[in-house]
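These numbers come from the heavy atoms of this one structure, side chains and all, not from hydrogens, waters or symmetry mates.
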Amino acid sequence: MTGAEAAAVAGEEAPGALDKPVSLWRRLRRHRLCMTGAVIFGCVLLLALFADLLQVLPPEKMQVRLRFKTPDFPYPLGTDNYGRDIWSRLVHGARLSLSIGFAVALVTGITGTLIGVAAGYFKRLDSPLMRSMDALMAFPAILLAIAIAAALGPSASNAVIALSVVYTPRTARIVRSTVLVVREMDYVQAARACGGVDLWIIWRHVLPNCMAPLLVQLTFIFAYAILAEAVLSFLGVGPPPPAPTWGSMIAEGKDYLREAPHICLIPGMAVALVCLGINLLGDGLRDVLDPRLRVQIG
């Protein structure tokens with residue numbers, strides 16, 4: 001029995017299913033804040049992808065005689081306390097930060113979806129899985145991430161593991177809440193009555209209706225992961241030197257705020273800008289994909 005047949009038997013369609021791509025694109029274009037966030041994120045993504053072409057000097061190259069140089073040609077953002085070009089370190093730091101953020105969103109999306117679907121669809125698994133997630137959420141997110149990263153050691157992969165552990169419970173709860181509603185819908189009950197096995201029903205009916213809220217949640221986790229990675233790098237438990245990260249750049253510049261405030265301010269503004277862009281994009285996706293808000297945006 002296909003999904004269309006099950007919906008026909010029930011006399012309704014999946015309420016949370018994604019619409020046609022053309023219709024979604026039209027509503028996205030009308031959402032100004034969403035397009036603003038997409039432009040900001042797109043620009044940062046291009047800088048990260050073409051960092052090797054845009055760099056003035058290799059990000060690790062030191063020129064002690066040129067330390068604390070203010071923004072000027074040929075160093076558009078100046079140099080840091082070791083004479084390294086801040087622009088080159090900024091664009092390479094964007095590549096590392098976006099890579100970590102994407103990896104955290106991917107791992108969190110997969111594990112959170114598996115846990116959330118299992119807890120929401122199979123009633124016997126709901127209590128043990130959700131109590132485990134509640135135990136993780138009882139700790140402050142950033143403190144738990146710092147503890148895990150410090151225990152594992154400073155590296156990019158360990159930062160991804162630490163942040164994935166922190167944000168998986170939030171994704172699992174979002175997915176579970178959607179599954180609890182979807183599993184009681186008539187078209188799911190019709191598919192079950194027609195002999196559909198649980199895994200097939202989950203794949204064809206439950207998961208497609210989890211995609212919209214999951215996609216919105218992952219955009220916010222992407223931004224949270226970039227911000228949290230900067231915090232981990234600032235505290236010395238993120239990717240180790242000489243890897244250029246925005247958090248480590250801020251940490252190195254904090255001792256020279258009077259002599260050269262640009263060392264600290266520029267990467268801090270970069271973190272704020274990329275998080276703002278991703279959050280605006282996530283807000284736009286939420287408004288477009290939520291059927292209750294479609295009347296307000298056309």
Side-chain angles (χ1 to χ4, degrees), residues 16 18 41 96-183 198-199 202-203 206-233 235 237-239 245 247 271 274-275 278-279 281-283 285-286 289:
L18 295 176
F41 177 71
L96 184 57
S97 294
L98 292 181
S99 299
I100 292 176
F102 177 79
V104 171
L106 180 63
V107 174
T108 301
I110 295 174
T111 56
T113 299
L114 292 176
I115 295 173
V117 169
Y121 191 85
F122 302 103
K123 295 182 180 180
R124 293 181 179 179
L125 299 177
D126 189 15
S127 181
L129 288 177
M130 284 300 101
R131 297 298 77 76
S132 300
M133 297 298 100
D134 291 342
L136 290 175
M137 293 182 66
F139 296 93
I142 192 61
L143 293 182
L144 180 59
I146 293 171
I148 296 175
L152 296 176
S155 72
S157 59
N158 289 341
V160 171
I161 294 173
L163 296 176
S164 298
V165 171
V166 168
Y167 294 122
T168 290
R170 291 156 175 78
T171 305
R173 279 203 159 275
I174 292 291
V175 175
R176 171 185 174 271
S177 64
T178 305
V179 174
L180 288 175
V181 175
V182 173
R183 77 178 184 186
D198 290 332
L199 292 180
I202 290 173
W203 179 257
V206 176
L207 278 179
N209 290 282
C210 297
M211 289 299 104
L214 177 62
L215 181 62
V216 174
Q217 175 70 7
L218 291 183
T219 58
F220 294 122
I221 287 179
F222 196 166
Y224 297 154
I226 292 175
L227 183 60
E229 183 276 327
V231 174
L232 295 180
S233 298
L235 296 175
V237 292
T245 65
V271 173
V274 71
C275 290
I278 297 175
N279 280 320
L281 182 59
D283 285 338
L285 288 175
R286 180 200 60 198
L289 297 176

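Of the candidates Leu125, Val175, Val182, Val175 is the only one forming a side-chain contact (heavy atoms from CB on, under 4.5 Å) with Val117.
Residue-environment remark: CZ (Phe139) stays at or below the threshold of 12 foreign heavy atoms within 6.0 Å.
The side chain to side chain donor-acceptor pair (under 3.5 Å) analysis of residues 140-154, with sequence neighbours excluded, yields no pairs. Screening residues 112-121 for side chain to side chain donor-acceptor pair (under 3.5 Å) gives Tyr121-Arg192, Tyr121-Asp198 as the qualifying pairs, with residues at least two apart or on separate chains. Sequence neighbours left out, not one pair with a member in residues 139-165 passes salt bridge (charged side-chain N to carboxylate O under 4.0 Å, His left out). Pairs passing the salt bridge (charged side-chain N to carboxylate O under 4.0 Å, His left out) check and including a residue from residues 138-150, sequence neighbours excluded, do not occur. Annotation: salt bridge (charged side-chain N to carboxylate O under 4.0 Å, His left out) contacts involving residues 147-173, sequence neighbours excluded, comprise Asp134-Arg173. Within the structure, salt bridge (charged side-chain N to carboxylate O under 4.0 Å, His left out) contacts touching residues 114-128 (residues at least two apart or in different chains) are Asp126-Arg176.
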Cut-off 3.5 Å, no hydrogens considered: what does the side-chain donor-acceptor table look like for residues 211-227, sequence neighbours left out?
unit_1	atom_1	unit_2	atom_2	d
Thr219	OG1	Val216	O	2.5

Please tabulate, one pair per line, all N/O donor-acceptor pairs under 3.5 Å involving side-chain atoms of residues 96-104, not counting sequence neighbours.
unit_1	atom_1	unit_2	atom_2	d
Ser97	OG	Gly93	O	3.1
Ser97	OG	Glu229	OE1	3.3
Ser99	OG	Arg95	O	2.7

Query raised in the report: When you look at Val166 and Leu136, which way does the side chain to side chain contact (heavy atoms under 4.5 Å, CB included) test go after all the steps?
Result: CA-CA 7 Å; Val166 168; Leu136 290 175; over 6 Å; no
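Qualifying side-chain hydrogen bond (donor to acceptor under 3.5 Å, both in side chains) partners for Thr168, counting only residues two or more places apart in sequence or in other chains: Thr111. Partners of Ser155 under the side-chain hydrogen bond (donor to acceptor under 3.5 Å, both in side chains) rule, at least two apart in sequence or in another chain, are Ser157, Asn158. Every side chain to side chain contact (heavy atoms under 4.5 Å, CB included) that Ala172 has, sequence neighbours left out, goes to Ile115, Met130, Met133.
Taking every heavy atom of both residues into account, Pro128 and Ser132 meet most closely at O-OG, 2.9 Å. Minimum heavy-atom separation, Ala228 to Leu163: CB-CD2, 3.5 Å. Of all heavy-atom pairs spanning Ala149 and Ala162, the tightest one is N-CB, 3.8 Å. The shortest heavy-atom contact between Gly120 and Leu180 is O-CD2, 3.5 Å. Considering all non-hydrogen atoms of both residues, Leu129 and Ala119 come closest at CD1-N, 3.9 Å.
A distance of 5.0 Å separates CG in Leu281 from CG in Leu285, rounded to the nearest 0.5 Å. Distance check, rounded to the nearest 0.5 Å: CG of Leu114 to CG of Leu207 gives 8.5 Å.
Side-chain atoms of Ser177 come within 3.5 Å of backbone N or O of Ile174 as a donor-acceptor pair.
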